[in-house]
Structures are given as C-alpha cells and as structure tokens.
There are 2 protein chains.
Amino acid sequence: MIITKAGRRMFPAMRVKITGLDPHQQYYIAMDIVPVDNKRYRYVYHSSKWMVAGNADSPVPPRVYIHPDSLASGDTWMRQVVSFDKLKLTNNELDDQGHIILHSMHKYQPRVHVIRKDFSSDLSPTKPVPVGDGVKTFNFPETVFTTVTAYQNQQITRLKIDRNPFAKGFRDSGRNRAKMNHSIYMPSLSTSTLEGWINVDPLGAGTGALVFSL
Amino acid sequence: MIITKAGRRMFPAMRVKITGLDPHQQYYIAMDIVPVDNKRYRYVYHSSKWMVAGNADSPVPPRVYIHPDSLASGDTWMRQVVSFDKLKLTNNELDDQGHIILHSMHKYQPRVHVIRKDFSSDLSPTKPVPVGDGVKTFNFPETVFTTVTAYQNQQITRLKIDRNPFAKGFRDSGRNRAKMNHSIYMPSLSTSTLEGWINVDPLGAGTGALVFSL
DNA sequence: CTCTTTGCACCTAGGTGCAAACAT
DNA sequence: ATGTTTGCACCTAGGTGCAAAGAG
C-alpha cells in the first residue's frame with residue numbers, strides 16, 4: 001500500500017458487513033493497523049518476492065481510525081456495508097491530521113474493532129483500542145499488505161489502475177496507449193499478488209462478514 | 001435563494017458561534033426554515049420590489065437539518081464556528097434525500113436549534129423540532145430570504161457570482177468579459193437586497209452569536 | 001544504489017449561473 | 001406572460017500514478 005507524508009487512502013478500501021449486534025445498543029466501529037512481524041522487507045525484482053531485509057524500524061505512535069458514522073446503533077451498523085475508504089495512511093511520524101502512521105517496507109494487518117458505547121470511555125484516535133468485554137476485534141488475514149512509497153511491481157500497479165476510478169487516466173484507453181507497450185495485462189491476478197494485499201472485497205463480488213454477539 | 005428539484009445549497013451559508021453551553025453536556029444543533037407569512041410573492045421589475053401576489057401555497061412536509069457534527073459536547077460546539085453549508089433546499093415535495101422542502105416565491109426565516117441530548121428522543125429529520133426546556137431556538141431576522149427558481153434581479157446574481165467560489169466562471173475576469181457590459185457592480189449592496197437576505201456573515205467580517213445557557 | 005519527495009496531468013465528484021426548452 | 005426544468009461550460013476540491021529530482 002502506498003504511504004506518503006500527506007496521507008494516502010488504502011485501495012481497495014476495507015469493507016465489512018456486520019451482523020449479530022444488539023439493534024438498540026450504541027457502538028463505535030474502529031480500525032487500526034498492527035505490524036505482522038518485527039521485520040523490514042525489500043522487494044527482489046528478479047525473483048518477484050519480498051525478502052526480509054533486517055529488523056523493523058522503531059515503533060510509531062499508535063493511531064485508531066474511528067469510523068465517521070460512529071456513534072450509531074447496532075441497527076444502523078447492520079443495515080449498511082461499513083466502508084473504511086476515507087482512512088488515510090502516512091509515513092510522517094509527526095502527522096497531526098489523525099492519519100494512521102506506518103513504516104514503509106513493512107508488513108501490516110488491518111483490524112476492525114466493534115466497541116460497545118458503555119465501554120468506550122478510553123476510545124481515542126491517538127490511544128490503543130482498549131481490550132475487554134465490550135470490545136471485539138477482528139483480523140482478516142487475507143488483508144495483510146506491505147507498505148511502499150512507490151510500487152515495486154507492475155501487477156500491483158496494473159490492479160490499482162484498473163480498479164481505482166481515480167487512476168482512470170492511466171488506463172490503456174487513456175493517454176499512455178502508446179507508451180504502455182511493455183506492460184502485460186494479467187487478468188487472473190488474485191490474492192497471490194506480490195506486494196501484499198487483497199481486500200475483503202476487491203471486486204465487489206462479496207464482502208467479509210463479522211458474525212458475533214456482544 | 002435558488003431552489004431546485006435536486007436540491008441546491010444556500011449561499012452564503014448560515015454560520016453561528018455558540019457560547020454558554022455546558023461543556024460536558026451533549027447537544028444536537030439543528031436548523032429548520034419556517035414561513036415568514038402566509039403570502040406568495042412576485043417580483044415587480046420596474047419598481048424593483050417583491051409584491052404580495054396571493055396567499056401561500058399549501059404547506060409542505062416539515063424537514064429538519066441536523067448538523068452533521070451532532071451529537072457533540074458543548075465544549076466541541078463552542079470551539080468551532082458551526083456552519084450549515086451542506087444544507088440543501090428543494091422545491092420537490094416528494095423529496096427523499098432529506099433536503100428541506102420549500103415553495104418557490106415565498107418568504108422564509110431560517111432558525112437554529114440547540115437541543116440537549118436528554119431531550120432529543122423525538123428529534124428526526126422529518127418531524128418538527130420539539131419544544132420545551134431542553135431546546136432553545138434562535139431567529140436571525142436579517143437572514144430572511146425569498147425563494148426562486150431563477151434570480152429575479154442582477155444585484156443578487158452579482159452577489160452570488162462575486163462571493164461563491166463555485167460561480168467563479170461567471171466573474172468578469174472569466175468567459176463573459178465581453179458579454180457582461182450591461183450589468184453594473186454595486187459594492188454597497190447590503191441587507192436591503194431585493195431578493196431577500198444577507199447571511200449572518202456574508203463577508204467573513206464577523207459572525208452571529210448565540211449567547212445563552214440551558 | 002535504494003528509497004522518498006515533489007510537481008503534475010488526469011481523473012472523480014459535485015457546486016455554480018446561464019440559455020434554451022418546457023409548462024401552465 | 002410568467003415561472004420551472006434541463007443540459008452544460010466552468011469552476012472547486014481532492015484522489016491517482018508518473019517522472020524527475022532529492023536524500024542517504
């Protein structure tokens with residue numbers, strides 16, 4: 001995933017469907033992103049693989065993205081697909097925009113938290129999510145990704161350009177029709193992408209589901 | 001103020017500064033728009049005046065714009081200028097976008113409501129704002145305006161084009177430099193504008209203030 | 001050398017008044 | 001004759017990857 005100083009969105013965005021909530025209870029939904037391991041990576045082009053390249057950089061201030069629809073009732077959350085498309089990633093450790101701070105060239109796991117209102121006294125964008133009875137945390141291992149400041153392989157670039165509406169100008173039908181003669185389109189590209197991730201629902205064909213009860 | 005079927009913003013937007021709240025109490029801030037009288041108007045061009053042209057059209061479904069920052073603490077509300085720039089007006093009585101429904105060629109008064117959370121059980125975008133101890137309502141008579149589907153005089157058009165960033169394309173330095181030779185700029189235009197209104201703060205020079213305690 | 005930053009062309013998304021067409 | 005709707009050129013605002021420059 002691209003990270004910049006100013007902050008860059010994730011693409012595709014994490015989207016979840018939630019069931020099992022108490023319709024009349026109030027909840028926060030939040031997301032944070034934790035390191036997968038204690039390593040730093042580099043991309044080896046000739047083998048098309050991410051290789052360990054030393055230990056992780058020193059930890060960065062923890063940040064939590066509180067979904068902008070918070071606070072809302074279980075009923076409200078369950079009626080919609082909850083999308084985290086406005087969340088932004090930055091590599092600026094001094095960020096004051098409330099973005100999630102990550103190191104480049106590291107592996108990360110996004111997490112979704114469902115937080116019952118009466119347990120949320122400590123909830124803050126700049127503090128770790130509290131743990132306890134009123135908080136449920138969900139990992140989707142298929143959403144692990146590697147951070148970069150520039151794409152390391154053409155398959156990922158291809159995927160982003162083909163799927164992200166904001167990158168339409170780079171599609172083959174666009175301005176680069178002639179210049180793009182060296183890149184090969186790989187329609188079957190799936191979860192085995194070298195750079196990391198596939199979202200819960202990259203193609204809109206289905207969504208991850210959180211099923212639980214508090 | 002222009003109203004359309006799809007919904008059109010007010011410009012300038014209503015902006016208020018609020019003081020006197022309990023910092024730790026939770027409040028909704030809301031806006032609605034009520035008829036000034038029971039009349040329908042027409043604009044008489046040769047006398048540059050709005051004239052009564054019969055009785056008002058039959059009432060429309062009441063709508064309330066709940067400020068998107070709701071629910072928030074008194075502390076949060078008092079730290080910012082509360083802007084209603086995302087509110088939209090429509091003349092579509094069957095509107096399902098949650099916009100405020102008004103009749104064209106009528107006079108209206110915007111109202112701002114401060115609603116204590118523990119009194120807000122009945123608060124809804126499609127129901128009248130409740131009245132009682134936990135609700136304070138404020139009128140700014142200088143914000144009365146007349147609704148139209150097309151501007152009736154050039155002074156108002158001028159004001160909108162000069163002040164609204166989205167209308168920059170119609171400014172004299174824009175494409176109409178040559179065509180605009182018949183319109184005269186009136187810099188001293190103020191609350192006596194023929195079409196209605198001047199906002200609390202059309203020029204950014206100061207803001208209306210709500211001072212009270214609940 | 002590897003990685004990051006910067007300015008930018010190219011998009012999406014949506015807020016303007018205008019002029020012509022439409023409705024009554 | 002009067003008021004409304006529609007399509008549109010022209011904006012604001014901001015999300016893309018790219019290529020060149022910068023940093024170590």
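The figures here come from the full heavy-atom set of this structure, side chains too, leaving out hydrogens, waters and symmetry mates. Naming: A, B, ... by sequence-line order, numbering from 1 per chain.
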Measure from the side-chain heavy atoms of [X] and tell me the nearest of [options].
X	options	result
Q152(B)	dG15(D), dC18(C), dG3(D)	dG3(D)
F166(B)	dT6(C), dT16(C), dC3(C)	dT16(C)
N91(A)	dG15(C), dT4(D), dT5(C)	dT5(C)
A150(B)	dT4(D), dC18(C), dT16(D)	dT4(D)

Whole-Å gap separating [atom2] ([N]) and [atom1] ([X]):
X	N	atom1	atom2	result
L89(B)	dT16(C)	CG	P	11 Å
L87(A)	dG15(D)	CG	P	13 Å
K5(A)	dC3(C)	NZ	C1'	16 Å
I161(A)	dG15(D)	CD1	C1'	14 Å
L102(B)	dT4(D)	CG	C1'	16 Å
L159(B)	dT16(C)	CG	P	13 Å
R163(A)	dG17(D)	CZ	P	15 Å
R171(A)	dA9(C)	CZ	C1'	16 Å

Between [N] and [X], is there an OP1 or OP2 to side-chain N/O distance shorter than 4.0 Å?
X	N	value
T4(B)	dT5(D)	no
K86(A)	dG15(D)	no
K168(B)	dT12(D)	yes

| Side chain R158(B) and base dG17(C) donor-acceptor under 3.5 Å |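 Checked by distance alone, the answer is no.
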| Is there a donor-acceptor pair under 3.5 Å between the side chain of D95(B) and the backbone N or O of G98(B)? |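 Pair found, side chain donor or acceptor close to backbone of G98(B).
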| query | Side chain of R171(A), backbone of I161(A): donor and acceptor closer than 3.5 Å? | reply |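 Yes.
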| request: Would you name the heavy atoms of K5(A) and T90(A) that are closest together and state the gap between them? | output: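 Shortest heavy-atom contact: O-OG1, 2.9 Å.
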| task | Starting from the 5' end of DNA chain D, give me the residue, I3(B) or R9(A), whose nearest nucleotide shows up first. | result |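 Mapping each residue to its closest nucleotide by heavy atoms, the 5'-most match is I3(B).
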| query | In terms of the nearest nucleotide of DNA chain D, which residue is placed more toward the 5' end: N164(A) or M105(B)? | reply |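 So the residue in question is M105(B).
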| query | Which part of the nucleic acid does R42(B) contact within heavy-atom distance under 4.0 Å: base, sugar-phosphate only, or nothing? | reply |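 Sugar-phosphate only.
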| query | Do you know which of T143(B), D32(B), N139(B) makes side chain to side chain donor-acceptor pair (under 3.5 Å) with Q109(B)? | reply |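 Single pass found, and it is T143(B).
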| request: Determine, using ring centers only, whether H106(A) and Y41(A) are less than 6.0 Å apart. | output: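 Not under 6.0 Å, so no.
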